[in-house]
2 protein chains.
Amino acid sequence: MATIDDVARQAGVAISTVSYALSGKRKVSADTRARIEAACVALDYAPRASARALAANRSEVIAVTAPLHPDTDPSAHMAFAMEVTIAARDHDYDTLLLVHDDAQQGMRRSAATALADGIIVLDVAAHDERAALARKLSCPVVFIGVPEDTEGLVCVDLDFEAAIRQSIDALVEAGHRSVGLISQHPETLERESNYPLRVVHEFERYAQSCGIDFAVTYPETDDAAPALDDLLARLPGMTGVVLNTANPVAQSLAAALGARGLTVPRDVSVIAAGMTPIMARTPLPFDTLPLDPRLTCPVAVDILVDLLEGKAPARGVTLVTPIYQSQGSVAPAPVASPLQAR
Amino acid sequence: MATIDDVARQAGVAISTVSYALSGKRKVSADTRARIEAACVALDYAPRASARALAANRSEVIAVTAPLHPDTDPSAHMAFAMEVTIAARDHDYDTLLLVHDDAQQGMRRSAATALADGIIVLDVAAHDERAALARKLSCPVVFIGVPEDTEGLVCVDLDFEAAIRQSIDALVEAGHRSVGLISQHPETLERESNYPLRVVHEFERYAQSCGIDFAVTYPETDDAAPALDDLLARLPGMTGVVLNTANPVAQSLAAALGARGLTVPRDVSVIAAGMTPIMARTPLPFDTLPLDPRLTCPVAVDILVDLLEGKAPARGVTLVTPIYQSQGSVAPAPVASPLQAR
DNA sequence: TTGAAAGCGATACCAC
DNA sequence: GTGGTATCGCTTTCAA
């Protein structure tokens with residue numbers, strides 16, 4: 001492997017000139033630059049990452065901690081890790097994968113050994129141990145997801161409250177006056193980042209302020225049918241459903257509705273708010289305000305890179321506005337409620 | 001951050017002694033070692049990765065190229081990436097994630113800049129461009145999956161042929177004389193690593209040598225029903241099914257059988273051979289010989305690490321023997337064929 | 001058993 | 001605009 005010395009010799013200049021020509025941190029005349037570039041090509045030169053990192057005191061690597069709980073969706077996980085990697089490459093950073101058993105220790109190690117310049121934390125739980133760790137660590141950390149206590153942390157997430165409000169607005173504008181929310185499994189509410197709870201609260205608050213009837217249900221299984229029955233029992237005139245639930249539940253909703261003689265959007269309008277699309281599966285046939293990794297990951301990486309390069313101070317919690325994607329699952333409310341119509 | 005100098009001063013020894021004490025590459029007396037360890041703890045010392053890499057000429061990092069095609073299952077992908085990472089950590093290596101757009105260029109870059117010591121290639125296609133690249137690269141590369149031309153490459157994969165033979169053996173031993181294979185989608189056969197084809201060939205060869213009736217079908221969609229009908233049409237007495245197909249097809253098989261009045265294992269015995277379990281979903285209710293990342297990834301990493309540390313020469317293609325996992329989906333063949341019995 | 005010192009290959013300061 | 005060189009923090013050879 002050629003070194004910067006070889007290039008300098010071949011181009012007939014000093015190594016500092018080569019370094020400056022390549023980094024652009026100093027003006028270099030057109031023809032010396034040309035000679036240097038020619039030499040680089042001729043020698044197939046690439047700067048050695050470790051030497052550069054040692055001298056510059058930065059590794060150009062971002063660590064990504066991606067624990068894998070039994071109840072997290074691995075495909076969503078992969079999507080986040082990939083999007084972080086893609087976004088990082090746009091800033092000339094590489095990404096190091098830190099796994100579960102290793103999450104705490106890995107973060108510590110990557111900071112202590114200066115393996116990575118910064119850390120992105122994925123799949124954040126409400127009471128995430130990595131939060132306390134992040135406060136102690138010397139290197140910048142950005143969370144994708146919001147833990148309970150955000151004091152001193154930098155977090156990026158979808159604006160779930162906004163997603164809920166947009167969902168209710170869309171339904172209300174279409175004339176719906178009775179709307180149910182299918183939330184997460186009870187265990188998920190415990191463990192998960194606190195967004196499912198924030199979603200429920202905002203749903204109840206905003207629905208109330210809009211003066212519509214509402215109810216919330218928490219499915220016990222992956223089948224939407226019992227949840228649907230629960231909502232219909234408490235809200236016989238229900239014509240709108242908002243989903244912020246596990247993907248299998250959402251996948252089974254259309255069938256559950258069909259089994260009860262209900263059609264989307266003729267009898268019931270449906271919107272999925274703040275759910276992560278699964279690439280491997282048929283997309284949900286509903287209007288969505290997705291928690292899309294392509295939305296949050298680049299923002300998180302941008303913030304981290306700004307932090308690393310001293311371009312901006314820590315930013316607290318950044319909420320990304322969801323984007324409404326219509327699939328034709330919202331229609332004007334039927335005049336009579338579907339159950340009465342039957 | 002404390003450096004090795006600080007530790008040496010604090011312990012009252014030379015830095016070389018500290019280095020040797022920590023690496024264990026030279027004998028150090030018990031009490032100097034104790035003083036050094038105390039100093040390390042006191043100063044919270046961790047060697048700087050870049051300095052170590054520069055001096056030792058090795059980064060202790062393994063790059064992982066994990067492209068994401070439209071038809072690859074992201075959750076399986078994540079599982080492989082995680083298993084590689086876990087296995088790598090067992091050898092004190094970290095893993096760098098290289099993504100699709102970047103796959104070729106990323107491999108080149110990580111070799112040229114000595115970012116990583118070696119490369120693991122995931123999701124290998126039959127005619128994978130990364131194969132040619134691997135032959136040119138200066139750093140060791142191990143493929144998880146087997147491309148068409150393995151000349152000069154190091155590959156690890158499940159022994160699919162063995163999985164097929166074990167499947168047929170299990171069925172034949174249970175008295176089945178008429179066995180169908182549900183293979184992959186036609187497009188997958190084109191693009192994918194050539195194992196699906198190897199599976200089909202071995203199935204036909206081995207079934208023939210066992211003297212049983214057999215047929216192979218290639219499902220066009222994610223629904224097993226048409227494939228099942230195809231098999232039953234050509235093999236009216238079929239009592240055994242071997243699966244080496246896409247997960248959704250396998251997931252829908254039980255329902256398709258049920259719709260035709262067939263029950264597993266009473267009427268039909270089923271074995272899934274060489275399929276990757278999806279963590280996010282209910283596992284298949286069939287006996288399996290899974291392509292488990294926990295089987296192949298550690299082997300691949302072991303081989304790569306041996307290569308990196310000069311412990312062993314390149315090994316060509318290594319096939320890992322599958323492990324039979326019973327789920328009770330194989331039973332003695334019914335006396336009369338199920339169709340006749342109805 | 002330990003120490004001194006020569007690299008490793010970049011960056012960036014200070015001169016000119 | 002360009003060149004010389006100290007420096008980053010380790011590993012490892014050579015000497016004692």
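A:D306 places no side-chain N or O within 3.5 Å of a backbone atom of A:I303 that could act as its donor or acceptor partner. Between the side chain of A:T276 and the backbone N or O of A:L291, at least one donor-acceptor pair lies under 3.5 Å.
The line from CG of A:L158 to CG of A:L319 is 8.0 Å long, rounded to the nearest 0.5 Å. Note: A:D94 CG to A:L96 CG = 9.0 Å, rounded to the nearest 0.5 Å.
Scanning residues 27-41 of chain A for heavy-atom distances under 4.0 Å to DNA chain D yields A:K27, A:V28, A:S29, A:T32.
Computed from coordinates, the A:R58 CZ to D:dT7 C1' distance equals 18 Å when rounded to whole Å. With rounding to whole Å, B:D6 atom CG is found 9 Å from D:dG9 atom P. Going from atom CD of A:E60 over to atom P of D:dC8 covers 20 Å, rounded to whole Å.
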Polar atom pairs between nucleotides 7-10 of chain C and protein, under 3.5 Å, N or O only, would you list them?
from, atom 1, to, atom 2, distance (Å)
C:dA10, OP1, A:Y45, OH, 3.4
C:dA10, OP1, A:R48, N, 3.4
C:dA10, OP2, A:I4, N, 2.6
C:dA10, O5', A:Y45, OH, 2.8

Tabulated below should be each protein N or O lying under 3.5 Å from an N or O of nucleotides 14-16 of chain C; please produce it.
from, atom 1, to, atom 2, distance (Å)
C:dC14, N4, A:R26, NH1, 3.3

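The side-chain contact (heavy atoms from CB on, under 4.5 Å) test applied to A:L133 returns A:Q104, A:M107, A:R108, A:L137, not counting sequence neighbours. By the side chain to side chain donor-acceptor pair (under 3.5 Å) test, A:K311 is found to be paired with A:E309, residues two or more places apart in sequence or in another chain being considered. By the salt bridge (charged side-chain N to carboxylate O under 4.0 Å, His left out) test, A:D302 pairs with no residue at all, sequence neighbours left out.
For the helix from C:dT1-D:dA16 to C:dC16-D:dG1, the rotation axes defined at the first and last 5 base pairs enclose an angle of 40°, given to the nearest 10°.
Sorted by first and then second residue, the salt bridge (Lys or Arg N to Asp or Glu O under 4.0 Å) pairs involving residues 145-155 of chain A (not counting sequence neighbours) are A:R135-A:D149. Sorted by first and then second residue, the pairs that involve residues 49-64 of chain A and meet side chain to side chain donor-acceptor pair (under 3.5 Å), not counting sequence neighbours, are A:N57-B:R48, A:R58-A:E60, A:R58-A:Y93, A:S59-A:D117. The salt bridge (Lys or Arg N to Asp or Glu O under 4.0 Å) analysis of residues 16-26 of chain B, with sequence neighbours excluded, yields no pairs.
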Side-chain donor-acceptor distances from residues 29-46 of chain B under 3.5 Å, at least two apart:
from, atom 1, to, atom 2, distance (Å)
B:S29, OG, B:D31, OD1, 3.1
B:S29, OG, B:T32, OG1, 2.8
B:T32, OG1, B:S29, O, 2.9
B:R33, NH2, B:A21, O, 3.1
B:R35, NE, B:A11, O, 3.1
B:R35, NH2, B:A11, O, 3.1

Please tabulate, for the side chains in residues 76-85 of chain A, all donor-acceptor contacts under 3.5 angstrom to protein atoms that are two or more places apart in sequence or on a different chain.
from, atom 1, to, atom 2, distance (Å)
A:H77, NE2, A:P67, O, 2.6
A:T85, OG1, A:A81, O, 2.8
A:T85, OG1, A:T95, OG1, 2.9

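At C:dA12, one or more side-chain N or O atoms of A:K25 fall inside 4.0 Å of OP1 or OP2 (strictly under the cut-off). In this structure, B:T17 reaches the C:dG3 phosphate: one of its side-chain N or O atoms is under 4.0 Å from OP1 or OP2.
A 4.5 Å side-chain heavy-atom check between A:I86 and A:R89 finds every atom pair outside the cut-off.
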